[in-house]
J.: 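First the structure, which I've put down as structure tokens, then a few questions once you've had a look.
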Amino acid sequence: MNLYSIVAVAVLLFYLLCFCVICYLIYLIIQALRKYIRTEDVRKEKSLVRKSLAEILKENRIRCKMTQEFVAEALGVSRQAVSKWENGTTDPSTSNLMALAKLYGVTAEEILRCTAGKGKEEEIEEEI
């Protein structure tokens, strides 16, 4: 074999390897999309729970006659963070949820129990 044929084989193997890698990436993307499509019910339920958590947090703050600024200062976070929790844009961390529950005079379990209950009630109403 001469040098030209060795280089040609090496280039051919390189292109074959690139083709295999691209095919594998396409396969992984298809698998991820299938998994995402199958989890539509889970995503819907999660969004209902997130909305419910936001509503519960806002209801508790209003019940305690507190402003978002007061809650933010008490927890050491920004007012925008409290606003995002109450709009359902983001969820508070576990430590912040515990601090919110303490500030509102309820337990974190009560807040989470209320959110889980509301999500299930809305699902039942949708099915009917």
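The structure displayed is predicted, hence computed values, not measured ones.
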J.: If you look only at distance, which donor and acceptor atoms sit under 3.5 Å apart when one is on a side chain in residues 29-36 and the other is two or more places apart or in another chain?
T.:
from: Gln31; atom 1: NE2; to: Tyr27; atom 2: OH; distance (Å): 3.4
from: Tyr36; atom 1: OH; to: Arg43; atom 2: NH1; distance (Å): 3.2

J.: Between Leu57 and Val71, is there a side-chain heavy-atom distance shorter than 4.5 Å?
T.: no

J.: Table please: side-chain donor-acceptor pairs of residues 99-110 below 3.5 Å, with sequence neighbours left out.
T.:
from: Thr107; atom 1: OG1; to: Glu110; atom 2: N; distance (Å): 3.1
from: Thr107; atom 1: OG1; to: Glu110; atom 2: OE1; distance (Å): 3.2
from: Glu110; atom 1: OE1; to: Thr107; atom 2: N; distance (Å): 3.0

J.: With sequence neighbours excluded, tell me which residues meet side-chain contact (heavy atoms from CB on, under 4.5 Å) with Asn96.
T.: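 With neighbours one apart ignored, the set is Val77, Trp85, Pro92, Ser93.
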
J.: Dump the intermediate steps for side-chain contact (heavy atoms from CB on, under 4.5 Å) on Leu13 and Leu17, then the final yes or no.
T.: CA-CA 6 Å; Leu13 288 175; Leu17 178 66; over 6 Å; no

J.: How far apart are the closest heavy atoms of Gly88 and Ala54, and which atoms are they?
T.: N-CB, 3.5 Å

J.: Verify side-chain contact (heavy atoms from CB on, under 4.5 Å) between Phe19 and Cys23, making sure each step is shown before the conclusion.
T.: CA-CA 6 Å; Phe19 178 74; Cys23 288; 3.5 Å; yes

J.: Name all pairs fulfilling the salt bridge (charged side-chain N to carboxylate O under 4.0 Å, His left out) condition that reach into residues 80-89, sequence neighbours left out, sorted by first residue then second.
T.: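 Sorted result for residues 80-89: Arg61-Glu86.
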
J.: Checking side-chain contact (heavy atoms from CB on, under 4.5 Å) for the pair Leu16/Leu12: CA distance, chi angles, key distance, verdict?
T.: CA-CA 6 Å; Leu16 183 62; Leu12 182 64; 5.7 Å; no

J.: Taking side chain to side chain donor-acceptor pair (under 3.5 Å) as the definition, give me every residue that meets it alongside Ser83, ordered by chain and number, with sequence neighbours left out.
T.: Asn87

J.: Can you name the residues that form a side-chain contact (heavy atoms from CB on, under 4.5 Å) with Glu73, not counting sequence neighbours?
T.: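 Partners of Glu73 under the side-chain contact (heavy atoms from CB on, under 4.5 Å) test: none.
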
J.: Atom CZ in Arg63, atom CD1 in Ile56: separation rounded to 0.5 Å?
T.: 10.5 Å

J.: Answer yes if Tyr15 and Val21 sit in the same cluster of Ile, Leu, Val, Met, Phe, Trp and Tyr residues linked by side chain heavy atoms under 4.5 Å apart, and no otherwise.
T.: no

